[in-house]
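Just below is one structure, and these are the notes that go with it.
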Amino acid sequence: VSADAEEPDIVHRLRNQLSVVISFCELLLADMPKDDPRYADLLEVQNAGRTALNLLPELEPRVR
Amino acid sequence: MSSVADATAGGERGATILIVDDFDANVRLLERLLRPQGHRVVAAGNGEDALQQVRAAQPDLVLMDVMMPKLNGFDACRRLKSDASTRLIPVVLLTALQDSDSRIRGLEAGADDFISKPYNAAELQARVRSLLRIKRYTDDLESAEAVILSLALTIEARDTTTDGHCQRLAAYAATLGRALGLGEDDIAALERGGFLHDIGKVGIPDAILLKPGRLTRDEHEAMKQHTTIGDRLCGGLRSLRTVRPIVRHHHERLDGSGYPDGLKGSEIPLLAQIISVVDVFDALTTDRPYRAALPHDAVFEELRREVAHGWRSGDLVDAFVSLVSRDELPRVAARKIS
């Protein structure tokens with residue numbers, strides 16, 4: 001990832017988007033009682049976000 | 001226990017934090033994490049905007065993405081850290097986890113810390129708290145130094161016959177230091193020393209300091225104490241450690257007949273010797289109530305007489321005389337205290 005590039009690459013942009021999804025989930029989870037029926041759903045969203053984030057290094061060589 | 005913890009945490013509330021990121025959702029996320037901590041948040045969309053916002057909002061902390069259009073985070077950080085008026089503001093670079101290249105480049109640019117995306121809320125808040133605490137300490141130190149500098153100018157203002165003496169001394173000593181090839185740290189010490197060398201006069205009674213006639217032996221002894229008083233005053237500030245030898249030893253003489261410690265020859269710190277030479281020059285080339293300013297030639301003669309007496313270094317005096325003869329001393333306007 002080159003920081004000098006005027007336009008950030010697709011991996012960088014995806015990482016930014018996924019980081020926002022994961023972090024906002026964390027904020028919502030922190031405010032929500034664990035027995036709330038939506039708690040588990042939100043956790044699913046956050047876990048999916050983390051999984052996608054962890055896939056990014058695999059994507060990196062393919063978009064170069 | 002909890003009240004102490006609250007008070008400590010409370011000290012870091014209400015700070016201004018600049019968030020720099022071209023990705024709006026990231027800015028909103030950081031705002032969401034920092035506003036509940038009681039901080040004011042301002043935002044910029046790229047490095048160039050960030051430099052403007054730093055000037056306008058004077059933030060206590062900058063959180064900055066590295067990859068941005070116009071001016072990237074590394075270059076913006078480097079600019080903030082190379083400017084004396086902004087280099088004490090902590091800069092945190094927001095990088096991807098395990099991006100060690102970015103961290104190395106960030107360190108080289110002077111970044112104070114890194115925070116990885118995605119953020120861990122608790123870690124982010126803890127780091128921000130810790131950096132704001134350090135910022136507050138440096139602010140306190142800076143203001144302590146500013147107080148001492150104002151004090152020095154106040155002392156000068158007590159004696160209207162020496163108006164502008166500190167500014168001239170700082171400028172002359174730095175010029176002589178550069179001519180001698182000294183490093184930037186020494187030049188900075190000479191500039192501060194020019195202002196602070198007589199700081200200890202704050203402890204000398206007006207009746208002695210402003211006495212128009214000749215001082216009695218006892219009065220002269222009291223006056224001599226301004227060197228040790230000044231050294232003590234500067235002693236509490238780490239940032240003034242390079243200036244203390246100047247404050248204490250600017251009245252020493254090479255033959256050991258000076259004060260306060262009667263140091264001889266090379267025992268006298270070079271920077272103190274430099275201040276001492278330019279101090280004599282400035283004193284003799286300005287009007288005093290009891291005599292008019294002397295012409296340069298007469299002052300050179302006096303300095304050379306003091307070299308012959310074994311008081312001063314001939315090399316230093318020669319270097320200074322040649323600067324003055326080549327008209328290379330800066331012109332300094334007196335600065336008034338309002």
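Lettering follows sequence order; numbering is per chain, from 1.
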One should read off an interatomic distance between B/Lys117 NZ and A/Leu53 CG, to the nearest 0.5 angstrom, of 11.0 Å

Whatever's closer than 4.5 Å to a heavy atom in chain A on B/Phe23 counts as side chain

Contacts of B/Glu31 meeting salt bridge (charged side-chain N to carboxylate O under 4.0 Å, His left out) (sequence neighbours excluded), chain-then-number -> B/Arg35

So with a 6.0 Å cut-off around CD of B/Glu328, is the heavy-atom count from everything else above 12?
yes

Within residues 26-40 of chain A, contacts to chain B at heavy-atom distances under 4.5 Å involve A/Glu26, A/Leu27, A/Asp31

Taken in chain and number order and not counting sequence neighbours, the residues that satisfy side chain to side chain contact (heavy atoms under 4.5 Å, CB included) with B/Ala111 are B/Cys77, B/Leu93, B/Phe114

Take A/His12 and B/Asp65 through the test side chain to side chain contact (heavy atoms under 4.5 Å, CB included) and record every step on the way to the result. CA-CA 11 Å; A/His12 177 84; B/Asp65 189 28; 4.1 Å; yes

- request: Check whether more than 12 heavy atoms from other residues, nucleotides or ligands sit under 6.0 Å from atom CZ of B/Arg241, and answer yes or no.
  value: yes

Between A/Asn16 and the options B/Asp22, B/Asn26, B/Asp21, the side chain to side chain donor-acceptor pair (under 3.5 Å) test singles out B/Asn26

dist B/Leu33:CG -> A/Ser23:OG (nearest 0.5 Å) comes out at 7.0 Å

Minimal heavy-atom distance between B/Leu29 and A/Ser19, with the atoms involved, is CD2-O, 4.4 Å

If you draw a 6.0 Å radius around CG in B/Asp185, do more than 12 non-hydrogen atoms from other residues or ligands fall strictly inside?
-> no

Sorted by chain and number, sequence neighbours left out, salt bridge (charged side-chain N to carboxylate O under 4.0 Å, His left out) with B/Arg79 holds for none

